[in-house]
Student: 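Before I ask anything, let me first share the structure, which is written out below as structure tokens.
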Amino acid sequence: MSASLSFDQAPPISVPLRFFLTAPLFLIAAGLALLFTGGDALGSRWHPHTLGLTHLLVAGFMLQAMTGALFQFVPVVTGGNVQRPKRMAGVIHSALTLGAVLLVAGFFTMNPDLFVAAAFFLGTGLILFLLVVGMALVRAEALGHTLHALRGAVFSLLPTTALGIALALALGGRAAIDPSRLLEAHQAWGLAGWTLLLLAGVSWSVVPMFQITPAYPRLLTRYFAPCLLGALGLLSAGVLVGIPLLVVVGEMALLAAAAAFAASTLVVQARRKRKTSDSTLLLFRGAMVCLLAFCAMGALGAMLPSLAEMPGPPVVMGLLLILGVFVSVICGMLYKIVPFLVWLHLQDRPAESETPPHMNKMIPPLRSRWQMQLHFLSLALLLPAPWFPLLARAGGLCLALSAGLLLWNLMAALAIYRRFKSRNPAGAPHRES
Amino acid sequence: MNQPRVIDGREMEPPEPMEATLEALDTLPPGEELTLLLNCQPHPLYQVLRRNGYTWTEAWDEAGTNVIRIRAA
């Protein structure tokens, strides 16, 4: 590796890492919440504990990981630079962390003031994030469909945030809105527009790059984002003007797009050129199987409305999508992103210094595999928990252990970074702070 | 005449293409060119090249390969 070239990696490593190291804490909290509240949180999707648990995962774990990833991913993959990344990340990270904690506390205590405070902090953090990352995406140099998907995902965060603030203010008694009308749209923009579109856009680049697979089919990468955003538009219009048929058509189109993405990922993975299977590949594969199962249940629910009205199946669908798809994929991505960041930032070192370890050796593969197995075990225990509430505690314990192991694994890579930096302190200072 | 220097990074896992490219640039004689074949745009590499006085051109072929030609400015 070259020691004569200088490196100036923007953003500084602390920018994404603060998000990546906070995210597992929310996942640990979700596991502990299940362990201590037991079956309550999985009895019905509308139980306050269920909503608290859901937001520990989506506004805690997932939002932290996704904002951190975009701070890093936008410069690396699209060439768009976020302005003043360290300062902005500090403010955004604090606001999102505090906002998520307040929101979850609001659901577990049903204290109206906590919802209002959560709306303020989450709203502030997300609007700042939208401004800085949105501007970077507008200025990005990259070509192709990943950039379009990232722009669509970040755009989708706007209605997700606006609807979320409205719902939090309604729960806080500060807005006279019927929450049931907005919930469907908030969920759809958050889970399909912001999360699934971001996952797909990142996958178009990351799956072929890190798993050495063929490219995704061009038809899918070209039309996935417009189809998804069009379906969300239909669904929202249906909710706003009260036409149930539009909502159903929008939901079916979302399910079809999601199933096409999952099936394509499994096909390109099966055709990968290096037949090795690391934790990232297996987490992605498990996630895509969960996404197909979610789509099948969604289609079945549309054909048999009595099924969707039972308390258990919607909870299973939520577990499949959030824990099975998104948490799995994020764990898999973190196992590539964090070692890559450490490797990249250790290149800025003196010529005579020792060589850092290979990227794939920074997190012991056996430990990431244990974490993956615990994660999938927690999912297997939680899926039947709506009917067997005792399993919720066992699943919660496995989830907390798996999240603790995730944090330990990420800290292992960070320890390598710190050790090398302390032994080899020279290097060009980063621009901006 | 020297052989053209080509790194085919299309089936390498990151960060192998960047490692190989930067090693090759260390020994690239003045006036010569290094060609890198990839399936993507390597923005982290471009940042390093820009900062160290290299120029590059990109050309995408029909198979979706980005042919990147790098030389000292």
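These numbers were taken from a predicted model, which means no experiment stands behind them. First the proteins, then the strands, lettered A, B, ... as listed; each starts at 1.
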Student: Side chain, backbone, both or neither: which part of Met359(A) has an atom under 4.5 Å from a heavy atom of chain B?
Tutor: side chain
Student: Rounded to the nearest 0.5 Å, how far does OG1 of Thr146(A) lie from CD of Gln41(B)?
Tutor: 10.0 Å
Student: To the nearest 0.5 angstrom, please state how far the CD atom of Glu16(B) sits from the NE2 atom of His358(A).
Tutor: 5.0 Å
Student: Can you measure from CD (Glu19(B)) to CH2 (Trp343(A)) and round to the nearest 0.5 angstrom?
Tutor: 5.0 Å
Student: More than 12 non-hydrogen atoms from neighbouring residues, nucleotides or ligands closer than 6.0 Å to CZ on Arg419(A), yes or no?
Tutor: yes
Student: Examine whether an atom of Phe210(A) lies under 4.5 Å from a heavy atom of chain B, and if so say whether it belongs to the side chain, the backbone or both; otherwise answer neither.
Tutor: both
Student: Does any part of the side chain of Glu13(B), heavy atoms only, come nearer than 4.5 Å to the side chain of Asn360(A), both counted from C-beta?
Tutor: yes
Student: Please enumerate all residues that pass salt bridge (Lys or Arg N to Asp or Glu O under 4.0 Å) together with Arg71(B), with sequence neighbours excluded.
Tutor: Glu33(B)
Student: Answer whether the closest heavy-atom distance between the side chains of Met12(B) and Ile212(A) falls below 4.5 Å.
Tutor: no
Student: Can you establish whether the number of heavy atoms outside Lys273(A) located under 6.0 Å from its atom NZ is more than 12?
Tutor: yes
Student: Taking everything shown except Arg69(B) itself, do over 12 heavy atoms lie less than 6.0 Å from its CZ?
Tutor: no
Student: Check salt bridge (Lys or Arg N to Asp or Glu O under 4.0 Å) between Arg18(A) and all other residues, then give those that pass, not counting sequence neighbours.
Tutor: none
Student: Check whether more than 12 heavy atoms from other residues, nucleotides or ligands sit under 6.0 Å from atom CZ of Phe155(A), and answer yes or no.
Tutor: no
